[in-house]
Amino acid sequence: MSIINNIQNNTIDSLRALYNKSFTEKDFQVNQTKPEFEGDYTVVMFSLLKALQLSPDVIGKQLGEHLIKSYPEIYTGYNIIKGFLNLSVADDYWINLLYKNYNDICYGKKEMNGKKVMVEYSSPNTNKPLHLGHLRNIFLGWSYAEILKANGYQVIKSCIVNDRGIHICKSMIAWQRFANGATPQSTGIKGDHFVGDYYVKFNDAYKDEVAQLIATGKTKEQAEKEAPIMKATQQMLLDWENGKPEVMELWKKMNSWVYEGFDFTYKNIGADFDKVYYESDTYLLGKDIVKQGLEKNVFYKKDDGSIWINLQADGLDEKIVQRSDGTSVYITQDIGLALQKYEQYKIDQSIYVIGNEQNYHMKVLQLISKKLGMPNAENIYHLSYGMVELTTGKMKSREGTVVDADDIVDEMITTSKQHTEALGKVQDFTKEELQDLYKTIGMGAMKFYLLRVDPKKTMVFNPAESIDFHGFTGPFVQYTYARIKSILRKLETADTALNQQQLTNSGLLKLEKELIIAAEQYPIVLEQACTEHNPSLIANYIFNLSKTFNSFYSEHSIAKAETEEKKYVRVKLAMFTANIIKSSMQLLGIAVPERM
RNA sequence: GGUCCGGUAGCUCAGCUGGAUAGAGCAUCAGCCUUCUAAGCUGAGGGUCAUUGGUUCGAAUCCAAUCCGGAUCACCA
């Protein structure tokens with residue numbers, strides 16, 4: 001049980017004993033005491049005054065005395081300032097906590113709870129390579145899936161690949177017309193970039209054709225509709241839907257190039273999936289559901305044959321679920337897939353990591369699912385994240401300001417190499433060890449940078465800041481870990497009798513206690529990150545823990561502690577910190593080096 | 001126009017289920033390496049928490065209005 005829980009329970013019990021009144025933990029707040037006051041944790045008494053009809057001084061005194069008397073193993077002192085009851089917690093309490101947990105690599109994690117959750121993240125189109133926005137999505141989804149696991153859930157990581165549609169046909173048409181049979185192999189260009197280049201070529205050619213048509217006197221709308229390359233693309237989509245062999249073959253070939261490229265990137269950044277869905281398999285799903293919905297009068301048919309749902313009673317609008325020509329729209333397949341996920345895996349929760357531009361769409365999806373009475377409708381959760389912008393504004397593919405995922409990853413690794421070489425600390429590393437280290441640090445910086453911000457907020461990507469390895473960064477935390485491991489290695493060889501030290505009680509120094517208190521909070525943070533769908537809580541926490549350790553480290557020597565007993569405590573403290581850093585960074589997808 | 005999200009230090013962000021004098025990092029300035037890794041530590045300056053009103057013992061936090069920025073409201077996905 002956490003210290004805060006203890007204080008809440010003890011306070012409730014004491015108040016009942018003292019005043020014969022019942023309170024819950026919601027009736028008063030327990031905070032960490034501000035550094036300028038004496039004490040470790042504080043009970044805020046203002047909210048109790050009315051119910052008890054007593055002054056804060058009286059309540060504080062009686063409550064403080066009662067707590068010390070009833071729980072001497074926890075509370076050693078108190079003081080009252082205005083309505084704040086500041087409690088001092090016994091050093092033994094902290095030391096026991098330290099000894100109990102310092103070597104537990106599962107500290108903070110929960111037992112399996114029997115619940116199954118699917119987390120869908122990274123839903124790429126197969127006509128363009130991944131970019132910075134995808135990275136935020138992928139890191140977020142992956143990390144949140146790991147946070148769920150640490151909180152006792154069974155997790156299925158999934159991905160839906162948007163591998164069909166008009167946008168895919170665009171790159172296919174462009175390849176047919178402009179490639180002269182070129183392939184990623186023949187050009188040496190990574191498959192997803194290769195295909196993406198033809199998508200760009202399509203748009204260039206399309207723009208030219210539109211301009212020419214306008215020059216002949218057509219309006220812009222006419223020109224956009226009539227441009228031959230666009231017509232060819234639309235024809236290709238029809239051919240695809242009819243399964244025309246040469247179109248299918250080209251489609252398969254070009255997608256396979258893209259997948260090869262994606263696989264490389266996913267592997268490079270440490271993303272993985274348990275189940276991959278393809279839109280080409282799922283786009284027809286949902287039509288049966290539409291039919292059933294029509295019978296149940298959830299949907300209705302307009303005169304032209306199109307099928308709709310009216311969501312006006314829920315504050316939304318009418319929404320089409322099937323076109324007049326009988327084909328399905330985006331939302332239709334999503335309804336189908338939502339049901340399929342449930343039926344295939346019997347999941348208790350279905351989480352979608354998707355950008356906030358689709359907030360409306362996801363709201364509609366959930367609402368329709370509910371109205372259809374789908375079993376999992378209540379448990380659909382949209383983990384909505386904000387866009388990544390540049391210091392110069394939004395990323396726009398048309399203006400070529402999109403930051404490519406592979407490029408930025410390479411850049412981070414190169415930068416970490418330069419920093420590391422400049423510091424000259426790891427000259428005895430082998431080539432392979434160096435490569436590993438550069439990647440660990442570069443990826444650590446990148447992931448931490450994208451994960452440290454509250455997911456739902458739009459964030460600004462500042463290139464100079466992202467490659468900074470000082471302060472609130474991944475490498476700062478990694479460095480803290482490496483320093484601890486360095487100390488522990490030396491002590492291991494120097495002093496094997498360390499574990500035999502007996503402990504008397506000589507009290508904890510301020511920074512020692514601060515560090516234990518910070519470590520004690522990890523399980524709460526881990527749980528909070530889960531319930532709030534927010535990995536940034538972990539990033540913020542682990543930075544704070546690392547900072548606390550670094551202050552402690554510079555102030556007090558571990559190896560040359562004042563006494564053997566102090567040394568013993570500090571070694572445990574260092575191990576505790578290192579274990580928490582390692583396991584929490586793992587939840588962010590960030591590795592920590594033994595040396596750097 | 002409707003709906004949703006946001007506005008906190010020069011910049012990037014915490015804090016938002018109301019609590020003590022609003023915090024970090026970067027940048028700027030001043031210190032600290034013969035002592036466990038200086039990718040570190042210590043300190044200084046820097047704020048009308050968008051504005052106005054309300055709720056109360058107490059508001060960056062809750063409510064209302066206003067201003068500014070963004071997203072979305074397709075027989076696109």
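Below, read A as the first sequence line, B as the second, and so on, with proteins coming before strands; counting in each chain starts at 1.
Nucleotides B/rC26 and B/rA14, compared at atom C1', are 14 Å apart to the nearest Å. Spacing of C1' atoms, B/rG25 relative to B/rG15, comes out at 15 Å, to the nearest Å.
Under the side-chain hydrogen bond (donor to acceptor under 3.5 Å, both in side chains) criterion, A/D314 pairs with A/K371, sequence neighbours left out. Every residue two or more places apart in sequence or in another chain that forms a ring-ring contact (aromatic ring centres under 6.0 Å, His included) with A/Y541 is listed here: A/Y522.
Distance from the side chain of A/D317 is smallest to B/rC73 among B/rC73, B/rG40, B/rC13. Among B/rG70, B/rU12, B/rU35, the nucleotide with an atom closest to any side-chain atom of A/K394 is B/rG70. Across B/rU37, B/rA77, B/rC36, the shortest atom-to-atom separation from the side chain of A/Y330 is found for B/rA77. The nucleotide whose nearest atom lies closest to any side-chain atom of A/S557 is, among B/rC41, B/rC36, B/rU72, B/rC36. Closest contact between the side chain of A/Y553 and the listed nucleotides B/rA14, B/rC41, B/rU37 involves B/rU37.
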**Complete:** Here RNA chain B, pairs taken as Watson-Crick or G-U under 3.5 Å and shown with ( ), [ ] when crossing and | when to another strand, reads ((((((((.[[[[.)...(...]]]].(((((.......))))).....[[[[[..)....]]]]])))))))....
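Taking the ring centre of A/Y568 as origin, the terminal cationic atom of A/K572 falls inside the region bounded by 6.0 Å and 45° from the ring axis. A/Y553 carries A/R483 over the face of its six-membered ring, with the cationic atom under 6.0 Å from the centre and within 45° of the normal. For the pair A/R452 and A/F543, the cation-pi test (distance below 6.0 Å, angle within 45°) is failed. A cation-pi contact links A/K302 to A/W308, judged by a cut-off of 6.0 Å to the six-membered ring centre and 45° from its axis.
If you check every strand for non-hydrogen atoms under 4.0 Å, A/E279 touches sugar and phosphate atoms only. When heavy atoms are screened at a 4.0 angstrom cut-off, A/M387 is found touching no nucleic acid atom at all. Looking at heavy-atom distances under 4.0 Å, A/I441 makes contact with a base. The residue A/S384 sits apart from the nucleic acid: no heavy atom pair falls under 4.0 Å.
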**Sequence-aligned protein contact record of nucleotides 58-63 of chain B, with B where the base is within under 4.0 Å of a protein heavy atom and S where only the sugar-phosphate is** = ------
**Complete:** Per-nt protein contacts along nucleotides 15-25 of chain B (heavy atom under 4.0 Å; B base, S backbone sugar-phosphate only, - none) come out as -B-SBB---SS
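With a glycosidic angle further than 90° from 0, B/rC67 counts as anti.
Taking every heavy atom of both residues into account, A/A518 and A/L545 meet most closely at CB-CD1, 3.6 Å.
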Write out a two-atom table: protein N or O, nucleotide N or O from nucleotides 1-3 of chain B, distance below 3.5 Å.
none

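Side-chain nitrogen and oxygen atoms of A/K567 include none within less than 4.0 Å of the OP1 or OP2 phosphate oxygen of B/rC36. Phosphate contact (OP1/OP2 of B/rC76, side-chain N/O of A/R323, threshold under 4.0 Å): present.
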